[in-house]
A.B. asks: 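Structure in structure tokens, see below.
Residues: numbered from 1 along the sequence shown. Note: hydrogens, waters and symmetry copies are ignored here, and every other heavy atom, side chains too, is used.
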Amino acid sequence: MQATLTVTPAQLPDVLLHVAVVRPVFLWGAPGIGKSSLVQAFAASLGLHCVTLLGTQLAPEDLIGVPQIVGDRSRFAPPETIARDEPYCLFLDELNASAPEVQKAFYSLILDRRIGAYELPEGSVVIGAGNRATDNALARPMASALVNRMIHVHLRASATDWLKWAAEHGIHPWIVDYLVQRPDHLWSPPPKTEEPFSTPRGWHMLSDAVHSYGEALDEDTLGVLAYGALSAPHASGFRAYVKTVRHAYDLEAVIKGDAAWPRRPEDRDLLYFLAETFRARLVRGLPDSKDHASPSGRQLAFRAKTLLVELAEISLECAQLVIATGDDGAPVLPSWFLVEVSRDLPRLAAARS
């Protein structure tokens with residue numbers, strides 16, 4: 001299912017508060033962006049116990065229950081995980097990954113809030129969740145009858161929301177500081193091959209591992225952990241960032257002239273990281289129009305050209321990275337600055353073209 005409009009984790013509780021209490025909700029989103037934890041937190045905010053059923057681990061009889069004889073008749077007795085006396089939040093995780101027969105078994109529970117003779121207590125809420133087929137995750141087509149029984153909400157990862165959460169939940173300072181500088185590295189699309197990719201869950205796992213090692217964590221082990229939890233480009237960037245922290249390398253010091261670009265071959269990953277950070281710094285610091293540039297913006301542009309020359313002498317590839325276009329082919333830096341670079345730094349401009 002494709003998203004027309006999406007919500008962030010910070011927006012989701014309000015949506016659930018007004019919708020899930022009156023109609024079943026299905027929450028779509030990529031793996032690892034926090035769907036399950038958000039639903040559990042929402043249930044806790046209502047004072048409801050959250051009962052999670054994993055669609056991939058269920059058979060139809062796990063929902064319908066087994067028949068029992070009562071007098072001269074038989075009836076199905078639903079499992080005690082579902083048949084509760086007090087209102088609760090029923091969370092149907094990986095619902096669209098379950099077998100078609102299991103999805104059918106959910107029909108009456110989702111729409112009519114009942115299984116056989118059992119009816120969910122008043123005040124209960126039903127929320128489903130699942131990944132999209134485009135996420136390269138296990139996902140089966142959802143029958144139109146099931147689609148039409150729920151209101152569908154699409155969740156997207158938000159670096160702002162996650163960083164606020166991370167600051168309150170003990171995420172390692174290296175990870176928080178890195179993602180403050182590179183919020184675009186919080187999440188990456190799931191690859192088509194079997195390899196790690198970046199998600200809020202992946203960064204959380206990495207944080208736990210880094211905390212576990214403590215001061216004993218060496219550079220090689222950090223690389224093993226980072227590449228085991230994140231996409232390769234993001235792992236490389238994070239590893240280089242940690243090197244800057246440990247060796248007191250500071251981009252602002254380079255910009256001010258108090259430090260130089262690292263030149264040693266073994267610091268090439270550090271140079272790439274600083275180049276990417278420098279690019280992000282220019283995106284934030286240079287105005288769209290030169291006519292509206294502040295004195296500090298003009299000074300940054302002048303200093304940037306000098307630094308680009310120095311960077312190109314060490315690695316032309318890294319210098320090109322600073323002024324490269326975005327993934328969509330459009331310029332990232334202001335056009336007036338790129339024109340000046342082409343005029344004043346013909347070697348770099350020629351290599352860029």
Side-chain angles (χ1 to χ4, degrees), residues 8-13 29-42 44 155-191 194-255 259 262 266-281 283-284:
T8 67
Q11 296 169 325
L12 182 63
I33 64 173
K35 297 185 296 295
S36 301
S37 59
L38 287 167
V39 171
Q40 291 166 2
F42 169 71
L155 182 70
R156 71 177 185 273
S158 166
T160 301
D161 292 354
W162 192 82
L163 285 169
K164 182 179 179 180
W165 173 90
E168 300 170 351
H169 289 81
I171 299 300
H172 198 282
W174 287 348
I175 290 173
V176 173
D177 292 343
Y178 177 74
L179 289 175
V180 165
Q181 297 183 44
R182 296 306 307 264
D184 54 314
H185 283 194
L186 175 65
W187 180 83
S188 62
E194 296 175 343
E195 58 186 283
F197 57 101
S198 302
T199 65
R201 179 194 296 155
W203 284 106
H204 194 175
M205 292 191 298
L206 178 59
S207 172
D208 289 345
V210 173
H211 273 306
S212 179
Y213 271 93
E215 295 297 325
L217 181 62
D218 59 65
E219 187 175 320
D220 289 340
T221 303
L222 176 64
V224 170
L225 299 178
Y227 282 96
L230 312 171
S231 68
H234 296 175
S236 176
F238 177 69
R239 188 181 182 189
Y241 166 75
V242 173
K243 186 183 289 188
T244 69
V245 173
R246 284 180 160 174
H247 297 280
Y249 248 108
D250 183 7
L251 175 65
E252 292 302 320
V254 175
I255 293 176
E266 58 267 32
D267 288 335
R268 188 50 55 93
D269 59 341
L270 175 57
L271 187 66
Y272 270 97
F273 170 76
L274 289 173
E276 287 189 337
T277 308
F278 184 43
R279 171 184 169 93
R281 176 72 170 78
V283 170
R284 295 196 311 269

A.B. asks: Are Trp174 and Arg246 side-chain neighbours, meaning at least one heavy-atom pair lies under 4.5 Å?
C.D. replies: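 Contact flag for Trp174/Arg246 side chains = yes.
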
A.B. asks: What distance do Ile33 atom CD1 and Thr199 atom OG1 have between them, rounded to the nearest 0.5 Å?
C.D. replies: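 Ile33 atom CD1 to Thr199 atom OG1 measures 9.0 Å (nearest 0.5 Å).
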
A.B. asks: In Å and rounded to the nearest 0.5 Å, what is the CD1 to CZ distance from Ile255 to Arg281?
C.D. replies: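 Between atom CD1 of Ile255 and atom CZ of Arg281 there are 5.0 Å.
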
A.B. asks: On a heavy-atom basis, which atom in Gly237 and which in Phe273 lie closest, and how many Å separate them?
C.D. replies: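 Minimum heavy-atom separation between Gly237 and Phe273: O-CD1, 3.4 Å.
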
A.B. asks: Taking Leu163 as the fixed residue, which of Leu179, Ile171, Ile175 is the one that meets the side-chain contact (heavy atoms from CB on, under 4.5 Å) rule?
C.D. replies: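 Of the listed options, the one satisfying the test is Leu179.
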
A.B. asks: Closest heavy-atom contact between Leu230 and Ser198?
C.D. replies: CB-OG, 3.6 Å

A.B. asks: Looking only at heavy atoms, what is the nearest atom pair of Trp187 and Pro31, with distance?
C.D. replies: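 Nearest pair, atom of Trp187 first, then Pro31: NE1-O, 4.3 Å.
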
A.B. asks: Please work out which of the three classes, parallel, tilted or perpendicular, describes the rings of His204 and Trp165, given edges at 30° and 60°.
C.D. replies: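 Rings of Trp165 and His204: perpendicular, over 60°.
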
A.B. asks: Ignoring hydrogens, what is the shortest heavy-atom contact between Ala240 and Leu270? Give both atom names and the distance.
C.D. replies: O-CD1, 3.7 Å

A.B. asks: In Å, rounded to the nearest 0.5 Å, how long is the span from NZ of Lys243 to CG of Asp267?
C.D. replies: 4.5 Å

A.B. asks: Counting only N and O atoms by type, is there a donor-acceptor contact under 3.5 Å from the side chain of Ser212 to the main-chain atoms of Ala209?
C.D. replies: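 The answer is no, because no donor-acceptor pair under 3.5 Å joins these two groups.
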
A.B. asks: Which distance, rounded to the nearest 0.5 Å, do you find between the CG of Leu206 and the NE2 of His211?
C.D. replies: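 One gets 10.0 Å once the value is rounded to the nearest 0.5 Å.
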
A.B. asks: Tell me if the centroids of the rings in His234 and Trp203 come within less than 6.0 Å of each other.
C.D. replies: no

A.B. asks: Which heavy atom of Asp218 sits nearest a heavy atom of Asp220, and at what distance?
C.D. replies: OD1-N, 3.1 Å

A.B. asks: Within this structure, what is the CD-OG distance for the pair Glu276 and Ser236, rounded to the nearest 0.5 Å?
C.D. replies: 8.0 Å

A.B. asks: Taking C-beta and beyond as the side chain, do Thr277 and Tyr241 meet within less than 4.5 Å on heavy atoms?
C.D. replies: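 Heavy-atom side-chain distance check fails, nothing below 4.5 Å.
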
A.B. asks: Determine the minimum heavy-atom distance between Val180 and Pro183, stating which atoms define it.
C.D. replies: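 Nearest pair, atom of Val180 first, then Pro183: O-CD, 3.6 Å.
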
A.B. asks: Hey, could you give me the CG/OG1 distance between Asp161 and Thr8, rounded to the nearest 0.5 Å?
C.D. replies: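 Going from CG on Asp161 over to OG1 on Thr8, the span is 4.0 Å.
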
A.B. asks: Are any of the side-chain heavy atoms of Leu225 and Tyr213 separated by less than 4.5 Å?
C.D. replies: yes

A.B. asks: Would you say Arg182 and Phe238 make side-chain contact, with heavy atoms under 4.5 Å?
C.D. replies: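 When only atoms from C-beta onward are counted, Phe238 and Arg182 do not touch, as no gap falls below 4.5 Å.
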
A.B. asks: What residues form a side-chain hydrogen bond (donor to acceptor under 3.5 Å, both in side chains) with Glu195, not counting sequence neighbours?
C.D. replies: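 Scan of Glu195 (side-chain hydrogen bond (donor to acceptor under 3.5 Å, both in side chains), adjacent residues dropped) gives Thr193.
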
